[in-house]
Amino acid sequence: MFKRILIANRGEIALRIVRACKELGVESVVVYSEADRYTLPVLMADDSICIGPAPSAQSYLLPDRIIGAAKVKGAEAVHPGYGFLAESADFARMCADNDLVFIGPSPEAISMMGDKSRARETMMAGNVPVVPGSDGVVLSAEDAREIADRIGYPVLIKAKAGGGGKGMRVCESPDDIEKLYQQARTEAAASFESDEVYIEKYLARSRHVEIQVLADAHGNAVSLCERDCSVQRRHQKLIEEAPSPALTPELREAMSDAALRAVRAVGYQNAGTIEFLLDEDRNFYFMEMNTRVQVEHPVSEQVTGVDIIKEQLRIASGEPMACASRAPFEPRCHAIEFRINAEDPSIGFRPCPGVIKRFDLPGGCGVRVDTHIRAGAMIPPTYDSLIAKLIVWGDTRDEALRVAERALEEFNIEGIATTIPFHLAAIRNEVFRSGDFYTDFVETEMNGVEL
């Protein structure tokens, strides 16, 4: 096991990694920007180092600064968390070139899965079902129209290097294909420095169900069950739960088997997530692979009892994962995660930076809060709006929802707007409570709801 690692991230995920390190007896060093100097990860880590001003382009996104910080502080490895450089194959290579272990998959795996068209090809070769679409990059609007006519409308035009809903357009008609094709390319170029796009059949009524996987260098690969992430706004998740209300035990086994085939097809090691779309007929299709730990990983931890961050450290250090002997996993409870964002859901989830004047956390049985925030903290406009994750659980989904309502009512944040009112309205919605909802839930069920 490592003696000292550097954490190349901020916020609640940096603090989450610090805590896992303490429990494993590993020293942690946290990098920080000038805006994060007095945050909890910096205060709780064994050591810290400033890497630049508040803008991420001048701090957290500078690989040379992070590599230099790791060397100055004597770290053996780097944990990228999620976001920033977590899925940068170039950064992973830089770590290796500087005798640092990148706590994540290989640069080759990151590159393969980061190229969405190449990922589709790899999954098809590995006998993993994919959404019907183009065989690769679509080079012209004329080609886009021909492919869309063949697979049928609506279609989804997606950035090859995409993520977070950027460089993505839904096209309902041949009349719009040229305009939306160009829009997707323009946004993709601005977001990812590549204007290459591909096309998939758009599944209008679908669920977003993903499988958490772990794999090590000793031949072990496990599925930690599924997460249902169908409640989204602008293709960004708001609520995640496990197990999915849509899955039977047989469908869970089939999706887990497909996810492990994907792991083997890539030669993957460390933590990752295979994301699927599940249609109304319960057919599932590979969408993408996230080659990192995800925001919603606590949901999988609660339903399986596996500490995913500790397993990442074990795998990266060359040890076998500790949980392999317990596979296959079945959900031991029902868990739900709510993303508490500094956003105003009543005006289109507009970001709401500012000073938090009061921050009262919920507690009690069945409640976990992952956060780096305290009363008096300044939420800058510079970074992602996530300020906390509320995770609740119970023996059944109904029990978890009762815990959720109580905990959300207890969660008191003053000084800024947050997504708490949205979450309360969502879990009181009859469609959500029935479990029969899709990725259009926010648009079809929450539009116009008073918050």
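In this chain, residues are counted from 1 in sequence order. All values below come from the heavy atoms of this structure, side chains included, with hydrogens, waters and symmetry mates left out. Since the model is a prediction, treat every value here as computed from it, not as a measurement.
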Using a distance-only test with no angle check, is there a side-chain donor-acceptor pair under 3.5 angstrom linking [X] and [Y]?
X      : Y      : answer
Asn290 : Thr273 : no
Gln232 : Thr439 : no
Ser230 : Asp228 : yes

Rounded to the nearest 0.5 Å, how far does [atom2] of [Y] lie from [atom1] of [X]?
X      : Y      : atom1 : atom2 : result
Ile309 : Arg16  : CD1   : CZ    : 5.0 Å
Thr304 : Glu330 : OG1   : CD    : 11.5 Å
Arg207 : Phe441 : CZ    : CZ    : 10.5 Å
Arg65  : Cys50  : CZ    : SG    : 8.5 Å
Met321 : Asp216 : CE    : CG    : 4.0 Å
Asp307 : Gln312 : CG    : CD    : 9.5 Å

Is the backbone of [Y] close enough, under 3.5 Å, to the side chain of [X] for a donor and an acceptor to pair up by distance?
X      : Y      : value
Tyr181 : Ile157 : no
Arg4   : Ala70  : no
Ser59  : Ile51  : no
Ser206 : Leu278 : no
His297 : Gln294 : yes
Arg261 : Asn127 : yes
Gln269 : Ile315 : no
Glu311 : Cys323 : yes
Ser48  : Val30  : no
Asp46  : Ser28  : yes

More than 12 foreign heavy atoms under 6.0 Å from [atom1] of [X]: is that the case here?
X      : atom1 : value
Glu414 : CD    : yes
Lys3   : NZ    : no
Arg326 : CZ    : yes

Any side-chain heavy-atom pair from [X] and [Y] closer than 4.5 angstrom?
X      : Y      : result
His208 : Met287 : yes
Arg93  : Ser111 : yes
Leu238 : His423 : yes
Ile420 : Leu424 : yes
Ile274 : Met255 : no
Leu100 : Leu6   : no
Ile387 : Ile416 : yes
Phe329 : Val303 : no

Take Ile427 and Leu408 through the test side-chain contact (heavy atoms from CB on, under 4.5 Å) and record every step on the way to the result.
CA-CA 10 Å; Ile427 65 172; Leu408 286 163; 3.9 Å; yes

Check step by step if side-chain contact (heavy atoms from CB on, under 4.5 Å) holds for Phe422 and Asn341.
CA-CA 11 Å; Phe422 167 85; Asn341 297 335; over 6 Å; no

Show the nearest heavy-atom pair for residues [X] and [Y], with the distance to one decimal.
X      : Y      : answer
His218 : Gly318 : NE2-O, 2.7 Å
His372 : Pro41  : CB-CD, 4.0 Å
Met446 : Ala425 : CE-CB, 3.6 Å
Ala271 : Gln212 : CB-NE2, 4.0 Å
Val295 : Pro298 : O-CD, 3.3 Å
Thr382 : Ala54  : CG2-O, 3.4 Å

State whether Phe432 and Arg397 meet the cation-pi test: NZ (Lys) or CZ (Arg) under 6.0 Å from the six-membered ring centroid, and within 45° of the perpendicular axis.
yes

Tyr32 six-ring face occupied by Arg10 cation (under 6.0 Å, within 45°)
no

One thing to verify: whether [Y] and [X] come together as a salt bridge, which I'm taking to mean a side-chain N less than 4.0 angstrom from a carboxylate O.
X      : Y      : value
Arg227 : Glu337 : no
Arg339 : Glu240 : yes
Arg406 : Glu410 : yes
Glu226 : Arg252 : yes
Lys237 : Glu210 : yes
Lys158 : Glu288 : no

As a quick check of understanding, evaluate side-chain contact (heavy atoms from CB on, under 4.5 Å) for Cys352 and Glu343, giving each step before the final call.
CA-CA 5 Å; Cys352 188; Glu343 299 173 352; 5.8 Å; no

Classify the ring geometry between Phe359 and Phe411 as parallel (under 30°), tilted (30 to 60°) or perpendicular (over 60°).
perpendicular

On the 0 to 90° scale, with breaks at 30° and 60°, tag the Phe276-Phe286 ring pair as parallel, tilted or perpendicular.
perpendicular

Checking Met44 against Arg19 for the side-chain contact (heavy atoms from CB on, under 4.5 Å) test, could you report, in this order, the C-alpha distance in whole Å, the side-chain angles of both residues, the deciding distance, and whether it holds?
CA-CA 8 Å; Met44 291 183 62; Arg19 287 170 167 158; 4.1 Å; yes

